[in-house]
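Lettering follows sequence order; numbering is per chain, from 1.
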Amino acid sequence: MLKHERTEANSHPYDQNRTSSRYHLSQQTVNLCALSTSGDLLYARRVFHTIQSPNTFMWNIMIKGYSNDKNPEGAILLYNQMLHNSIQHTEYTFPFLLKACAKLARLEETEQIHSHIVKTGFSSDVYSANSLLHAYAKSGKLVSARCLFDRIAERDIVSWNSMVDAYVKNKEIEAACRLFNQTPVKNVISWTSVIAGCVTSGSFKDAIHIFQKMQIAGVIPDSTVLASILSACANLGALDQGKWIHAYIDKNQMQIDEALGCNLVDMYAKCGDIVDALKVFRTIKNKGVHTWTAMITGFAIHGCGREALELFRDMQKAGVKPNQITFTSALTACSHAGLLEEGKFLFESMQRSYSLTSSIEHYGCMVNILGRAGCLTEAEELIKTMPMNPNATILGALLSACSIHRNFDLGKRLGKTLIEADPNHAGRYIQLATTFAATGEWDQAVKVRKMMKDRGVTKFPGCSSIELSGVVHEFYVCDWSHQQMKEINLMWDRIMVRLRQVGYIPMTGNLLLDLEEEEKETAIHRHSEKLAIAFGLINSEPGTKIRVVKNLRVCEDCHTATKLISEIYSCEIVVRDRTRFHLFKDGKCSCGDYW
DNA sequence: CTAGGGTTAG
């Protein structure tokens with residue numbers, strides 16, 4: 001096809017008196033259009049096709065232009081044309097071409113190009129080898145990538161970094177760290193790769209630790225690594241660390257690009273500081289969909305449904321189109337704030353006005369919204385009529401709604417289905433046992449507990465963390481290893497005395513039935529958030545906000561106790577749950593007791 | 001004219 005077009009161009013009258021300077025002009029035009037970010041690839045291609053016999057340089061430029069495009073397919077097509085026309089390669093041809101293959105994760109083409117590289121004698125070119133390594137990694141061919149890496153005679157820093165990144169992207173974090181440690185000379189990209197690897201694998205503390213080592217090694221952070229670290233801070237709820245990064249950015253007058261701004265907003269929001277999140281958000285110019293979505297999510301997890309929806313409208317006024325994730329955030333906002341009608345409207349408009357397909361997550365949000373409002377039949381109906389099979393999350397959401405609205409028949413049915421579907425999930429057994437207990441069917445409840453025990457299913461350990469002067473302290477259920485455990489126990493005893501004075505009764509009904517009543521009390525008082533709160537009260541000035549981050553959802557007893565503690569000690573306690581924030585103040589919680 | 005690193009939900 002391409003050849004044909006060129007033949008047509010050749011017959012064009014202007015081409016009859018083509019001069020050398022005209023050729024240069026075309027060359028420059030192609031160059032400019034194909035390479036500049038604001039360039040016009042289509043136009044470059046048109047001009048390219050008017051050139052009778054473009055040299056390799058021009059072909060390379062065109063391939064490069066395509067390799068940077070959203071759809072780099074054209075690079076491969078052009079390369080085929082090049083082969084077809086017997087155009088000679090240069091060492092510049094392969095890196096661009098392989099970049100396109102990498103983007104498209106095209107293994108077959110990568111392998112073919114590999115053999116071309118060998119045949120044409122470019123195997124020793126480190127640029128081509130590194131590009132090839134990267135393309136193999138993107139196709140998931142770790143073994144081929146490593147094999148190639150081992151054979152590169154003169155490995156440079158890019159070879160090492162690409163191989164580390166190959167392990168990271170294929171979820172082999174340990175191998176990545178091993179290779180990183182062997183890397184002879186490291187730059188900021190080397191460090192970023194392992195740090196990002198830690199972040200994606202959930203090792204947030206490791207990420208921060210490695211970042212500190214990076215600074216000790218004298219490597220200057222750039223905005224990419226800071227974006228990763230901010231994400232780690234957001235996940236940990238490490239506000240002080242995050243603020244330090246923000247100050248670093250300001251002090252060094254670093255440009256706040258989309259990703260950095262987005263992560264700053266996300267960090268403040270997830271660390272419980274919605275005011276600063278909004279402050280940063282407002283200063284960001286040219287906000288893209290990521291940034292808007294991060295802020296909407298921030299409002300959502302704080303239970304600020306109205307604000308989230310208002311921002312959703314502002315976003316569209318600003319001409320930014322919401323994507324599927326934006327809708328998940330907006331719907332989550334509705335579910336946490338109990339906005340039934342708004343949620344329904346959003347869910348419908350998503351397909352109608354934005355032609356976005358609803359994923360199972362969106363249906364999940366709707367089930368939560370309907371479930372919270374007590375529309376259980378409607379929620380069940382939605383699950384039945386949705387185009388995909390329900391997963392455990394969605395049925396779990398309906399089950400929670402059943403418990404809240406005391407629809408035990410449906411609850412029991414769902415509980416059984418869920419255990420069958422996911423027999424290693426402890427929470428499902430507990431949900432079902434609790435449902436039986438609620439209807440007085442103790443023997444059934446015991447049976448479910450026993451089934452869980454027999455199958456060796458164990459609860460995911462609850463963990464709460466609290467940041468104190470830049471250090472994140474973690475507490476696990478029934479873990480006594482913290483240095484200050486003695487003081488924490490004494491503090492908790494004192495808290496208990498005052499709690500009982502205001503009429504608090506430990507809620508032990510939902511606990512393991514084979515424990516004595518006293519043991520049950522001990523067990524719930526070892527819940528990680530209670531340890532963290534006691535620790536926070538010991539180590540901070542009276543009146544200081546106490547911020548706790550929990551990996552699971554807060555239990556009802558802890559929720560009640562924390563409300564009372566906020567009143568007794570006149571302090572604000574912010575607990576970040578698995579799904580949202582709870583701001584405890586004057587004996588009340590911002591979630592309105594629905595979570 | 002070359003190669004490698006980041007973000008929003010659940």
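Contact annotation for A:Lys169: backbone-only contact, meaning every heavy-atom pair under 4.0 Å involves sugar-phosphate atoms and none involves a base. Using a 4.0 Å heavy-atom cutoff across all strands shown, A:Asn187 reaches at least one base atom of the nucleic acid. A:Thr332 comes within 4.0 angstrom of the backbone, heavy atoms only, and of no base. The residue A:Asn60 sits close to a base: some heavy atom pair falls under 4.0 Å. If you check every strand for non-hydrogen atoms under 4.0 Å, A:Ile157 touches a base. Residue contacts for A:Leu260: at a heavy-atom cut-off of 4.0 Å it reaches a base atom on one of the strands shown. Among the heavy atoms of the strands, none lies under 4.0 Å from A:Gln324. Using a 4.0 Å heavy-atom cutoff across all strands shown, A:Ser162 reaches sugar-phosphate atoms only and no base atom. Among the atoms of the strands shown, none is found under 4.0 Å from any heavy atom of A:Val168.
Of the side-chain N and O atoms in A:Lys99, none sit less than 4.0 angstrom from OP1 or OP2 of B:dT2. Put simply, A:Lys270 has a side-chain N or O that comes within less than 4.0 Å of OP1 or OP2 on B:dA9.
Atom-to-atom, NE2 of A:His290 to P of B:dT7 comes out at 11 Å; the value is rounded to the nearest Å. One atom, NZ of A:Lys138, and another, P of B:dG5, lie 7 Å apart when rounded to the nearest Å. In this structure, CZ of A:Phe299 is placed 15 Å from P of B:dA9, rounded to the nearest angstrom. Rounded to whole Å, atom P of B:dT8 lies 18 Å from atom OH of A:Tyr268. Rounded to an integer number of Å, the gap from A:Arg155 CZ to B:dA3 C1' is 16 Å. Nucleotide B:dG6 holds its C1' atom 14 Å from the CZ atom of A:Phe204, rounded to whole Å. As rounded to whole Å, 11 Å separates atom C1' of B:dG6 from atom CG of A:Leu230. Between the CE atom of A:Met214 and the C1' atom of B:dG5 there is a distance of 11 Å, rounded to whole Å.
Side-chain atoms of A:Asp222 come within donor-acceptor range of the base of B:dG5, with a qualifying N/O pair under 3.5 Å. Residue side chain A:Asp257 reaches the base of B:dG6 through a donor-acceptor N/O pair under 3.5 Å, judged by distance alone. Donor-acceptor pairing under 3.5 Å, judged by distance alone, is absent between the side chain of A:Ser228 and the base of B:dG6.
By the stacking rule of 5.5 Å between ring centres and under 30° between planes, A:Tyr127 stacks on the base of B:dT2.
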| Can A:Lys279 and A:Asp276 be said to form a salt bridge (Lys or Arg N to Asp or Glu O under 4.0 Å), step by step? | CA-CA 5 Å; A:Lys279 251 187 223 162; A:Asp276 276 343; 3.4 Å; yes
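Of the candidates B:dA3, B:dT8, B:dG10, B:dG10 carries the atom nearest the A:Thr393 side chain, counting heavy atoms from C-beta on. Side-chain proximity of A:Asn263 to B:dT8, B:dG6, B:dT7: nearest is B:dT7. Taking only side-chain atoms of A:His134, from C-beta outward, the nucleotide of B:dA3, B:dG5, B:dT8 with the closest atom is B:dG5. Which of B:dG5, B:dT8, B:dA3 sits closest to the side chain of A:Asp266 comes down to B:dT8. Of the listed nucleotides (B:dT8, B:dT2, B:dG6), B:dG6 has the atom at the smallest distance from the side chain of A:Thr224. The side chain of A:Lys64 lies closest to B:dT2, out of B:dT2, B:dG10, B:dT7. Residue A:Asp165 places its side chain closer to B:dG5 than to any other of B:dT7, B:dT2, B:dG5.
Residues satisfying the salt bridge (Lys or Arg N to Asp or Glu O under 4.0 Å) test with A:Asp250, not counting sequence neighbours, are none.
In this structure, A:Phe345 places its CZ atom where only 12 or fewer heavy-atom neighbours from other residues, nucleotides or ligands lie under 6.0 Å away.
Here A:Tyr79 and A:His89 bring their ring centres to under 6.0 angstrom of each other.
Between A:Phe327 and the options A:Phe347, A:Tyr363, A:Phe312, a ring pair (Phe, Tyr, Trp, His ring centres under 6.0 Å) holds for only A:Phe312.
Taking CE of A:Met214 as the start and OG1 of A:Thr192 as the end, the distance is 6.5 Å to the nearest 0.5 Å.
We find that A:Lys141 and A:Glu111 are not joined by a salt bridge, their nearest charged nitrogen and carboxylate oxygen being 4.0 Å or further apart.
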